[in-house]
Protein chains: 2
Amino acid sequence: MQHSLKNIFPNFSHELIATIEENGSLQDFEAGTVLMRTGQYIKNTVLIIKGKIKIYREGEDGGEFLMYYLQPGQACAISMICTAKSEKSQIMAKVVEEVTVMMIPLQLMDKWMMEHRSWYEFVIETYRSRFEEVLEVVDNIAFRSMDERLEFYLKRHSDACGCSEVNLSHQEIATELNTSREVVSRLLKKMEQRGLVKLNRNQIELLK
Amino acid sequence: MQHSLKNIFPNFSHELIATIEENGSLQDFEAGTVLMRTGQYIKNTVLIIKGKIKIYREGEDGGEFLMYYLQPGQACAISMICTAKSEKSQIMAKVVEEVTVMMIPLQLMDKWMMEHRSWYEFVIETYRSRFEEVLEVVDNIAFRSMDERLEFYLKRHSDACGCSEVNLSHQEIATELNTSREVVSRLLKKMEQRGLVKLNRNQIELLK
DNA sequence: ATTAGTTTGTGTTTTTGTCACATTGAGCGA
DNA sequence: TCGCTCAATGTGACAAAAACACAAACTAAT
């Protein structure tokens with residue numbers, strides 16, 4: 001196996017890993033693919049093996065509000081939460097960097113909870129960490145102003161991609177923060193004046 | 001037992017209910033009590049037997065942003081999520097209407113997951129429904145303007161208390177929406193002009 | 001080089017929030 | 001009951017933030 005599951009999910013037991021390899025199916029998706037749409041029925045739990053995914057909440061007016069990133073070793077909490085019932089997805093998932101994911105049929109996800117302690121712990125920890133992340137999102141929009149949120153957004157982006165260049169247009173950033181492009185442009189300009197960033201076309205360099 | 005657990009939690013098995021009655025401890029709290037503070041360590045899972053609780057996210061500047069209500073038959077997801085690790089609470093819980101709660105030591109919560117199918121299903125369903133509720137909160141603050149949020153707030157209040165009078169000051173409402181009192185006053189006045197509410201002192205009557 | 005399309009900039013208007021202060025009404029003691 | 005105090009609400013002026021409309025700059029393709 002190309003990507004060792006044991007390395008990516010170090011807490012999984014050997015039996016669990018064997019079971020996953022036996023029952024799950026590896027799939028690749030290229031950047032830009034929408035893995036899951038709002039309202040779609042979920043039939044698989046998704047484990048991230050390689051690459052990056054962004055999770056969005058969609059507004060009625062077509063807004064795409066960025067909630068958080070999913071990275072290797074993590075799983076989509078929504079796809080776990082909508083268990084046996086096969087509920088509709090409440091979110092939209094988009095690939096930002098070519099991913100390899102492990103698809104696990106939902107009924108197995110439920111079965112393993114009883115059979116594999118390490119799976120149980122992983123699921124609970126996934127719930128916990130995603131819930132916390134969403135609470136942080138609430139904090140940001142409830143208590144912080146746009147300039148703080150923009151800084152946080154850029155920081156998170158560079159943390160996720162591991163680089164200091166953001167290759168997005170102001171419009172794309174505005175959409176993910178659910179504000180207007182002009183606001184983003186102006187705030188970025190202010191940040192440039194404060195020496196926090198350097199603005200190029202289609203690219204923002206983070207200086208700190 | 002005064003409040004039959006079987007009535008309040010109809011999906012619990014008889015063995016589970018017996019175990020809860022044996023190991024849990026019933027406690028009463030009067031309106032206004034803060035059951036859990038942000039940053040506090042959690043040692044119990046809380047099941048609501050009677051009354052109502054509001055769950056808040058606290059801002060650094062002392063803001064108290066209302067997330068959702070907990071009612072009989074529900075449980076605090078945060079208190080479940082912070083399992084064995086005994087994590088710190090990310091939220092603040094305040095009693096709005098005299099409550100009776102069942103306190104369950106965290107280690108039991110974890111143990112029962114394996115032993116009682118109906119407990120497992122309840123926990124998963126609690127995660128799911130609370131997660132969904134938080135996502136709706138994100139929707140509200142990310143996509144909606146203050147007037148829509150205020151209407152939603154009032155509707156939710158009347159749903160929760162089962163009446164059409166809101167006995168709160170404008171200031172209290174403003175705090176829970178993290179805005180200023182003047183804004184709430186003005187928006188309420190507009191709603192009154194539109195015939196949606198009738199404003200009295202310390203009371204708002206919902207007309208629709 | 002011309003043109004179409006995207007990205008960024010800028011002035012104006014609208015909305016939202018802040019501040020300072022006025023008004024109202026309830027409760028309470030003299 | 002009168003008058004006092006205090007919390008609740010109203011209001012206008014102002015500041016900040018965001019939305020809107022349009023202009024300018026740049027890119028890429030023909």
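Numbers restart at 1 for each chain; the letters A, B, ... are given by sequence-line order, proteins then strands. What you see is a predicted model, and the numbers here were worked out from it, not measured in a lab.
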Parallel, tilted or perpendicular: ring planes of B:Phe9 versus B:Phe12, cut at 30 and 60 degrees
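Ring orientation of B:Phe9 relative to B:Phe12: parallel.
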Quickly work out the A:Glu172 CD to C:dT8 P distance and round it to whole Å.
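Roughly 9 Å, once rounded to whole Å.
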Just the rounded figure in Å: distance from P of C:dT8 to CE of A:Met191.
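Taking atom P of C:dT8 as the reference, CE of A:Met191 is at 15 Å.
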Considering all heavy atoms, the nearest B:Ile49-B:Pro72 contact:
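Distance-wise, the nearest heavy atoms are O-CB, 3.4 Å.
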Could you list where the contact with chain A starts and ends along DNA chain D, reading 5' to 3', using a 4.0 Å heavy-atom cut-off?
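Footprint of chain A along DNA chain D, 5' to 3': D:dA18 to D:dT27.
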A:Gln107: side-chain hydrogen bond (donor to acceptor under 3.5 Å, both in side chains) partners, not counting sequence neighbours:
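side-chain hydrogen bond (donor to acceptor under 3.5 Å, both in side chains) check on A:Gln107 returns nothing, list empty.
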Answer with yes or no whether the side chains of [Y] and [X] bring together a donor and an acceptor at under 3.5 Å.
| X | Y | value |
| --- | --- | --- |
| B:Glu58 | B:Thr38 | yes |
| A:Glu176 | A:Tyr56 | yes |
| B:Asn11 | B:Glu121 | no |
| B:Ser129 | B:Glu133 | no |

Partner set under salt bridge (charged side-chain N to carboxylate O under 4.0 Å, His left out) for B:Arg149, not counting sequence neighbours:
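B:Arg149 satisfies salt bridge (charged side-chain N to carboxylate O under 4.0 Å, His left out) with no other residue.
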Which residues share a salt bridge (charged side-chain N to carboxylate O under 4.0 Å, His left out) with B:Arg156, sequence neighbours left out
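Not a single residue meets the salt bridge (charged side-chain N to carboxylate O under 4.0 Å, His left out) criterion with B:Arg156.
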Show me the protein contacts with nucleotides 4-6 of chain C, counting only N or O atoms at under 3.5 Å.
{"unit_1": "C:dT6", "atom_1": "O2", "unit_2": "A:Arg201", "atom_2": "NH2", "d": "3.4"}

Backbone N/O of A:Leu150 and side chain of A:Arg144: donor-acceptor pair under 3.5 Å:
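Side chain of A:Arg144 to backbone of A:Leu150, a donor-acceptor pair under 3.5 Å: no, none is there.
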For nucleotides 14-21 of chain C, list the nitrogen or oxygen atoms of the protein found under 3.5 Å from its nitrogen or oxygen atoms, one pair per line.
{"unit_1": "C:dG17", "atom_1": "OP2", "unit_2": "B:Thr179", "atom_2": "OG1", "d": "3.1"}
{"unit_1": "C:dT18", "atom_1": "O4", "unit_2": "B:Arg186", "atom_2": "NH2", "d": "2.7"}
{"unit_1": "C:dC19", "atom_1": "N4", "unit_2": "B:Glu182", "atom_2": "OE2", "d": "3.0"}

